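In this chain, residues are counted from 1 in sequence order. Since this is a predicted model, take the numbers as computed values, not measurements. Just so you know, ligand 1 is whichever comes first in the structure, and atom 1 is the first atom listed for that ligand.
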Amino acid sequence: MKKALIIQGPNLNLLGTREKTIYGSTTLADIDSAMKEFGASIGLEVDTFQSNSEGDIIDKIHAARETYCGVVINPAAYTHTSVAIRDAIAAVDIPFVEVHLSNIHTREEFRHRSMTVAVCAGQICGFGPDSYRLGLMALKQIADKKE
Ligand code: DQA
C-alpha cells in the first residue's frame, strides 16, 4: 500500500479544547485515528506528525520524500508566515495538499494569504475535520495519476 503523511502545525495538539467555536471539539487523536482508518479504505497507509516547531516541521518535510507518495499538511499559523516551510515543500518532489479546518478566507485578513499554497497542489479549507479526508482523497488521485 502507498504511504501518505499528515503534518499538523502549531497549536493543533490542543484541538478539542482550543477555540472550540472555530475548530470544534474533535481532538487531534480523533483526527489521526479517523484518517488512518479512512486512508486504509482508499489504499493509503497514513502516518501522522504534529509539531509546534518550525524546524521540526521542515526536517519532517525533507525526510518525507524517502517514504511517502505525498503529504497532507495543515501548517496552521505558519501558513501565513513561513517562507522556510514554503521553501522546504518546494525542495522535495512529492505532492503536498494544504488543508485547514476553518475557512481561512472568511476570517481575519492576515489569514487570507497563504505562503505555502503556491507550492502545494491545492488547498482545501472550511470543512472541519473532513478537510483532512478531502485532502487525502486529492493526494490519492495525484499519486495514482503519477503512476
Ligand atoms: C488553521 C487556520 C490558521 O489560520 C490557524 O493559525 C490555525 C489553524 C485551520 O486549520 O483552520 O492554527 O490552519
Side-chain angles (χ1 to χ4, degrees), residues 2-42 44-65 67-143:
K2 286 189 184 115
K3 290 188 70 148
L5 176 65
I6 300 179
I7 296 180
Q8 306 271 16
N11 303 305
L12 295 173
N13 55 311
L14 298 183
L15 281 179
T17 55
R18 169 193 186 207
E19 297 187 275
K20 278 166 114 171
T21 52
I22 299 170
Y23 300 116
S25 52
T26 306
T27 66
L28 186 62
D30 293 337
I31 293 176
D32 285 356
S33 62
M35 289 312 110
K36 280 174 189 279
E37 199 177 312
F38 177 69
S41 78
I42 61 166
L44 287 177
E45 188 184 332
V46 173
D47 287 340
T48 59
F49 173 81
Q50 189 275 332
S51 177
N52 296 322
S53 151
E54 194 174 23
D56 289 349
I57 292 170
I58 290 166
D59 288 342
K60 197 72 181 177
I61 291 170
H62 292 175
R65 70 182 189 280
T67 313
Y68 299 101
C69 70
V71 177
V72 170
I73 186 164
N74 182 348
Y78 288 137
T79 306
H80 317 297
T81 62
S82 182
V83 175
I85 290 178
R86 176 199 178 108
D87 286 354
I89 294 172
V92 302
D93 68 348
I94 53 171
F96 281 67
V97 176
E98 180 176 313
V99 304
H100 302 280
L101 294 143
S102 63
N103 183 346
I104 57 174
H105 304 288
T106 62
R107 299 182 62 195
E108 302 97 322
E109 202 161 336
F110 69 85
R111 296 185 203 276
H112 296 181
R113 186 183 64 159
S114 168
M115 299 297 293
T116 42
V117 69
V119 290
C120 292
Q123 181 190 69
I124 294 163
C125 71
F127 299 97
D130 280 337
S131 293
Y132 294 93
R133 190 183 305 267
L134 296 167
L136 280 176
M137 286 170 69
L139 201 60
K140 177 73 165 61
Q141 275 211 340
I142 296 165

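Legend: residues meeting side chain to side chain contact (heavy atoms under 4.5 Å, CB included) with Thr81, ordered by chain and number and at least two apart, are Tyr78. With sequence neighbours excluded, the residues forming a side chain to side chain contact (heavy atoms under 4.5 Å, CB included) with Arg65 are His62, Val92, listed by chain and number.
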Mind listing the N or O contacts between ligand 1 and protein, cut-off under 3.5 Å?
unit_1: ligand 1; atom_1: 4 (O); unit_2: His80; atom_2: NE2; d: 2.7
unit_1: ligand 1; atom_1: 4 (O); unit_2: Arg111; atom_2: NH1; d: 2.9
unit_1: ligand 1; atom_1: 6 (O); unit_2: Ala77; atom_2: N; d: 3.2
unit_1: ligand 1; atom_1: 6 (O); unit_2: Arg111; atom_2: NH1; d: 3.1
unit_1: ligand 1; atom_1: 10 (O); unit_2: Asn74; atom_2: ND2; d: 2.9
unit_1: ligand 1; atom_1: 10 (O); unit_2: Leu101; atom_2: N; d: 2.8
unit_1: ligand 1; atom_1: 11 (O); unit_2: Leu101; atom_2: N; d: 3.3
unit_1: ligand 1; atom_1: 11 (O); unit_2: Ser102; atom_2: N; d: 2.9
unit_1: ligand 1; atom_1: 11 (O); unit_2: Ser102; atom_2: OG; d: 2.6
unit_1: ligand 1; atom_1: 12 (O); unit_2: Arg18; atom_2: NH1; d: 3.2
unit_1: ligand 1; atom_1: 12 (O); unit_2: Arg18; atom_2: NH2; d: 3.0
unit_1: ligand 1; atom_1: 13 (O); unit_2: Asn74; atom_2: OD1; d: 2.8
unit_1: ligand 1; atom_1: 13 (O); unit_2: His100; atom_2: ND1; d: 2.8

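Side-chain atoms of Ser82 and Glu54 form a donor-acceptor pair, as typed in the model, at a separation below 3.5 Å. In the model, His105 has a side-chain atom that pairs as donor or acceptor with a side-chain atom of Gln123 under 3.5 Å.
Leu101 CG to Ile22 CD1: the interatomic distance, rounded to the nearest 0.5 Å, is 11.0 Å.
Judged as a side-chain hydrogen bond (donor to acceptor under 3.5 Å, both in side chains), the pairs with a partner in residues 125-142 (not counting sequence neighbours) are, in order, Gln8-Tyr132, Asn74-Tyr132, Asp130-Arg133, Lys140-Asp144.
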